[in-house]
Colleague: 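Quick one: the structure is below, questions incoming.
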There are 2 protein chains.
Amino acid sequence: MWDGMAAGSNKQRRRRKPKRAKITASLEDDNETAAGDQDDNGGGGSERQREHPFIVTEPGEVARGKKNGLDYLFHLYELCREFLIQVQNIAKERGEKCPTKVTNQVFRYAKEAGASYINKPKMRHYVHCYALHCLDEEASTALRRAFKERGENVGAWRQTCYEPLVAIAARQGWDIDAIFNAHPRLAIWYVPTKLRQLCHAERSSAAAASSSITGGGDHLHF
Amino acid sequence: MWDGMAAGSNKQRRRRKPKRAKITASLEDDNETAAGDQDDNGGGGSERQREHPFIVTEPGEVARGKKNGLDYLFHLYELCREFLIQVQNIAKERGEKCPTKVTNQVFRYAKEAGASYINKPKMRHYVHCYALHCLDEEASTALRRAFKERGENVGAWRQTCYEPLVAIAARQGWDIDAIFNAHPRLAIWYVPTKLRQLCHAERSSAAAASSSITGGGDHLHF
DNA sequence: ATCACGGGCGACCAGCGGACGGTGAGCCA
DNA sequence: TGGCTCACCGTCCGCTGGTCGCCCGTGAT
């Protein structure tokens, strides 16, 4: 029910050139890659090319094997906030436009500062998961435990995070932007398109249901 | 002093193709072009192609000849606000991202709604003049009267509007963005780059002057 | 009628917010 | 060790915000 909605309705196909670059080489800093990361990275002189994939963990749990846990994911959002604050301070000092959100500029700054493990597609991908963590930590924790127990993968957990957020929006007049903006750590993140669409769709069907139940005087009122 | 600063410091030249299109034809609506406009538009069957240029007028004064007055200019800003509100209402209804500023989308909407006399370069050009009108109507009126009396052209008046705004910023901690955002009719307009630069330059030189006057303990403090 | 002035706004550009899906890391058998 | 699952993030795209200066309307002569 929370999957596939408003996902395939976009304009056209893209992606026409594979164009593999494959530069490799240029060994990175390599040391101290992740929060509480205890893996030895193999032991050869290889450089990390991607971050380890996330797995569903409960709060406080360290991910085993070549994986990262969700505490680390949420920690990345806090890091981005700190980079944003630095970018804001620099902008104010220079009398330039001061960003209020995590923009491309902030991702660029983070990369230049050596935080190469932060990138835009990843952060945008999990924004709503972080939102749930901010807005209802109890519910977030419960969901993490449930999905860990069932052995679900990260994609399944991520999809399911939409549901409680829409329920929160329902309780607060469906204004998901206002909900984000009211929370100091969340206000700096753009509301994900899909979350906004889900809220809108749910509001519409909720309104339709209630007007068909009340049975008149409310529907077709324009 | 208020002219030429930070104006020629940009990256490179542009404009490589004249490429005149010159479509002409396609007669427009033509009737009722401007607020209080009493001109007959020539009498032939010609269509208006540009708005009449602005001249410096005092409040309440109707521009003579083929000119528009400043009351009309400021009226355009109010119109844009109304178009923004309509765009916001449509966006909320559809569950789409809701603009808080006058964006390209709003200018496009205004044009589609028949307000072809509204366009982005014009509105952006005079934003700081409208800002002065909003923030200190007395000072704005005084400036208009002075420049009208002296027979100055619009460009000269426009340039001079920066000065009292920088003075206002000086009194309020130099935060021009905060000043714009605190005013409900101004908050929907982007702060012009040049105004921001002027505030920054003036703050810097004011700080330098005060630290050299106090004569020690305050300057070179980093 | 002609001319010089000056400013309106068409059209441009760097970079933005947003999205997709091919590599290739990773785990299990 | 081979295979196959799945998600990380390089790379794209439609636009945005911001700007410049050409063209021509305009009033004086």
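On a predicted model such as this, the values are computed, not experimentally measured, just so you know.
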Colleague: Just grab all the salt bridge (charged side-chain N to carboxylate O under 4.0 Å, His left out) pairs involving residues 123-134 of chain A, residues at least two apart or on different chains.
Modeller: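 Those involving residues 123-134 of chain A do not exist here.
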Colleague: Tell me the salt bridge (charged side-chain N to carboxylate O under 4.0 Å, His left out) pairs involving residues 73-102 of chain B, sequence neighbours left out?
Modeller: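 Applying salt bridge (charged side-chain N to carboxylate O under 4.0 Å, His left out) to every pair that reaches into residues 73-102 of chain B, excluding sequence neighbours, yields B:E78-B:R185.
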Colleague: Would you mind reading off the distance between A:K120 atom NZ and D:dC8 atom C1', rounded to a whole angstrom?
Modeller: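 Result: 15 Å.
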Colleague: Rounded to whole Å, please give me the gap between CD1 in B:I188 and C1' in D:dG17.
Modeller: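 That distance rounds to 16 Å.
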Colleague: Measure up the B:Y72 and B:Y117 rings against each other and bin them: parallel (under 30°), tilted (30 to 60°), perpendicular (over 60°).
Modeller: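 The rings of B:Y72 and B:Y117 sit tilted, inter-plane angle from 30° to 60°.
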Colleague: Taking the side chain of B:P121 as heavy atoms from C-beta outward, which of C:dG18, D:dG10, C:dC9 is closest to it?
Modeller: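 For the B:P121 side chain, the nearest candidate turns out to be C:dC9.
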Colleague: Closer than 4.0 Å, any side-chain N/O of B:R108 to the OP1 or OP2 of D:dT16?
Modeller: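 So the side-chain polar atoms of B:R108 do come within 4.0 Å of the phosphate oxygens OP1 or OP2 of D:dT16, strictly under.
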Colleague: Quick one: which protein N/O atoms are closer than 3.5 Å to N/O atoms of nucleotides 27-29 of chain D? Pair and distance per line, please.
Modeller:
from	atom 1	to	atom 2	distance (Å)
D:dG27	OP1	B:K66	N	3.4

Colleague: Any side-chain heavy-atom pair from B:Y77 and B:V127 closer than 4.5 angstrom?
Modeller: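 B:Y77 vs B:V127: side chains touch.
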Colleague: Mind calculating the distance between CD1 (A:I55) and C1' (C:dA25) to the nearest angstrom?
Modeller: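 For the pair A:I55 CD1 and C:dA25 C1', the rounded distance is 15 Å.
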Colleague: Rounded to whole angstrom units, what separation is found between the CD atom of A:Q159 and the P atom of D:dC6?
Modeller: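 Going from A:Q159 (CD) to D:dC6 (P), I get 14 Å.
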Colleague: Could you tell me the separation between the NE2 atom of B:H128 and the P atom of D:dG18, rounded to a whole number of Å?
Modeller: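 In whole Å, D:dG18 P and B:H128 NE2 are 15 Å from each other.
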Colleague: Between B:W157 and B:F54, is a ring-ring contact (aromatic ring centres under 6.0 Å, His included) present by the stated rule, with each step listed?
Modeller: CA-CA 11 Å; B:W157 166 77; B:F54 290 109; 8.6 Å; no
Colleague: What parts of residues 77-107 of chain A reach DNA chain C, counting only heavy atoms under 4.0 Å away?
Modeller: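 Correct list: A:T103, A:N104, A:Q105.
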Colleague: What salt bridge (charged side-chain N to carboxylate O under 4.0 Å, His left out) pairs are there with at least one residue in residues 141-150 of chain B, not counting sequence neighbours?
Modeller: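 The answer is B:E58-B:R145, B:E58-B:K148, B:E61-B:K148, B:D71-B:R144, B:R150-B:E152.
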Colleague: To the nearest 0.5 Å, how far apart are CG in A:L198 and OH in A:Y162?
Modeller: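 One finds 7.0 Å between CG of A:L198 and OH of A:Y162.
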Colleague: Which of these nucleotides, C:dG17, D:dG18, C:dG10, is closest to any side-chain atom of B:T193?
Modeller: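 Selected nucleotide (nearest to the side chain): D:dG18.
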Colleague: Answer yes or no: is there a side-chain heavy-atom contact under 4.5 Å between A:I168 and A:I179?
Modeller: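 Contact flag for A:I168/A:I179 side chains = yes.
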Colleague: Under 4.0 Å: is that the gap between some side-chain N or O of A:Q49 and OP1 or OP2 of C:dG24?
Modeller: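 Checking C:dG24 against A:Q49, no side-chain N or O comes under 4.0 Å of OP1 or OP2.
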Colleague: What does nucleotides 1-8 of chain C look like as a protein-contact string, B for base, S for sugar-phosphate only, - for none, at under 4.0 angstrom between heavy atoms?
Modeller: -----SBS
Colleague: Looking at CG of B:N68 and CG of B:L73, how far apart are the two atoms once the value is rounded to the nearest 0.5 Å?
Modeller: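 With rounding to 0.5 Å, CG (B:N68) is 9.0 Å from CG (B:L73).
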Colleague: Can you check the B:N68 CG to D:dG25 C1' distance for me, whole Å?
Modeller: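 My rounded result for the distance is 13 Å.
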Colleague: A side-chain contact here means heavy atoms from C-beta on lying under 4.5 Å apart; do B:F107 and B:C80 qualify?
Modeller: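 Yes, close enough: below the 4.5 Å cut-off.
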Colleague: Just checking, any donor-acceptor pair under 3.5 angstrom between side chains of B:H125 and B:R158?
Modeller: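 Short answer, yes.
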